[in-house]
Trainee: 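One structure is given below, represented as structure tokens, and several questions about it will come after.
Letters A, B, ... mirror the listed sequences (proteins, then strands); counts begin at 1. Given the structure is predicted, the values throughout are model-derived calculations rather than measurements.
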Amino acid sequence: AQSVTQLDSQVPVFEEAPVELRCNYSSSVSVYLFWYVQYPNQGLQLLLKYLSGSTLVKGINGFEAEFNKSQTSFHLRKPSVHISDTAEYFCAVSDPGAGSYQLTFGKGTKLSVIP
Amino acid sequence: EAQVTQNPRYLITVTGKKLTVTCSQNMNHEYMSWYRQDPGLGLRQIYYSMNVEVTDKGDVPEGYKVSRKEKRNFPLILESPSPNQTSLYFCATRRDRGVAEYFGPGTRLTVT
């Protein structure tokens with residue numbers, strides 16, 4: 001079974017500074033990778049996804065992520081954060097070769113943007 | 001508008017009193033699932049369904065039941081709730097493997 005490790009449970013960063021949220025997954029076989037964001041008291045919404053092709057994926061709100069197969073990583077980055085980016089971010093993985101559509105989530109990283 | 005609805009949004013109940021949380025989607029998706037979210041543990045899948053009458057266990061199915069009698073609805077049943085089932089529950093639906101999973105707004109359940 002797949003597993004996902006988000007290396008930082010909390011990341012404080014000053015407004016307009018860059019940020020990287022780290023994500024590693026367990027398997028080196030073909031995978032689909034996702035980042036979701038959860039704003040306070042809301043459900044999850046998709047930020048970006050990697051299915052195949054270019055290893056640099058761009059998402060909404062200026063976020064991007066880079067798929068690194070050799071390091072089994074899918075780190076999320078933003079060059080300049082805003083107060084409105086304060087939220088919890090979840091990395092998720094699924095196995096396209098498996099019979100089910102099951103999605104496995106990491107434990108989340110809380111991003112706090114400091115004015 | 002694509003929607004996943006859950007009811008109720010908030011529920012406080014007592015140990016052992018059966019309850020059902022409903023989930024409905026209007027996107028005609030075959031795949032639906034239930035997650036629970038707990039602080040520091042992220043989202044863990046309880047059950048999922050790949051189509052009508054097809055359900056399977058996720059990572060934490062103990063104490064829960066589901067049914068999928070029609071494509072749009074996927075209720076979560078707690079026959080004898082216990083305090084360790086106090087959590088935030090999300091229903092989700094997806095059209096296919098590689099696309100976004102749409103999440104409902106969540107149901108906050110407290111079992112005393």
Trainee: Heavy atom to heavy atom, less than 4.5 Å: which residues from residues 55-66 of chain B reach chain A?
Mentor: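 Under the 4.5 Å heavy-atom cut-off, B:G58, B:D59 qualify.
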
Trainee: Please say whether more than 12 non-hydrogen atoms of neighbouring residues, nucleotides or ligands are located less than 6.0 Å from CG in A:N41.
Mentor: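 Result for CG/A:N41: open.
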
Trainee: Which atoms form the tightest heavy-atom contact between B:L88 and A:Q38, and what is the distance?
Mentor: CD2-NE2, 4.4 Å

Trainee: For B:R108, does the CZ atom have more than 12 heavy-atom neighbours from other residues, nucleotides or ligands under 6.0 Å away?
Mentor: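 No, because the 6.0 Å sphere around CZ of B:R108 holds 12 heavy atoms or fewer from other groups.
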
Trainee: Can you tell which part of A:Y50 gets under 4.5 Å to a heavy atom of chain B, answering side chain, backbone, both or neither?
Mentor: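 Contact with chain B is absent: no heavy atom of A:Y50 under 4.5 Å.
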
Trainee: Give a yes or no on whether A:L46 and A:L44 share a hydrophobic cluster (residues Ile, Leu, Val, Met, Phe, Trp, Tyr; joining criterion: side-chain heavy atoms under 4.5 Å apart).
Mentor: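 Hydrophobic grouping puts A:L46 with A:L44.
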
Trainee: Hey, any chance A:I83 and A:F14 share a hydrophobic cluster, counting ILVMFWY side chains that come within less than 4.5 Å of each other, even indirectly?
Mentor: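 No, because A:I83 and A:F14 fall into different hydrophobic clusters, even though each may have its own neighbours under 4.5 Å.
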
Trainee: Evaluate the side-chain proximity of A:Y36 to B:E101: yes if any heavy-atom separation is below 4.5 Å, no if none is.
Mentor: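 With C-beta onward as the side chain, the pair touches.
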
Trainee: Can you get from B:I77 to B:L19 by hopping between Ile, Leu, Val, Met, Phe, Trp and Tyr side chains that sit under 4.5 Å apart?
Mentor: no

Trainee: Hey, any chance B:M32 and B:Y102 share a hydrophobic cluster, counting ILVMFWY side chains that come within less than 4.5 Å of each other, even indirectly?
Mentor: no

Trainee: Which atoms of A:Q6 come close to chain B, meaning under 4.5 Å heavy atom to heavy atom: side chain ones, backbone ones, both, or neither?
Mentor: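 Contact with chain B involves no heavy atom of A:Q6 at all.
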
Trainee: Is there a path of hydrophobic side-chain contacts, each under 4.5 Å between heavy atoms, that joins A:Y89 and A:L7?
Mentor: no

Trainee: What are the two closest heavy atoms between B:F90 and A:Q42, and how far apart are they?
Mentor: CZ-O, 4.0 Å

Trainee: Are the side chains of B:Y35 and A:L103 in contact, using a 4.5 Å heavy-atom criterion?
Mentor: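 A:L103 vs B:Y35: side chains touch.
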
Trainee: Taking NZ in B:K71 as the centre, count heavy atoms belonging to other residues, nucleotides or ligands within less than 6.0 Å. Is the count above 12?
Mentor: yes

Trainee: Check whether more than 12 heavy atoms from other residues, nucleotides or ligands sit under 6.0 Å from atom CG of A:L56, and answer yes or no.
Mentor: yes

Trainee: Under 4.5 Å from any heavy atom of chain B, what part of A:Q45 do you find: side chain, backbone, both or neither?
Mentor: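 Contact with chain B is absent: no heavy atom of A:Q45 under 4.5 Å.
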
Trainee: Can you see which heavy atom on A:F105 is nearest to which on B:L43, and at what distance?
Mentor: CB-O, 3.7 Å

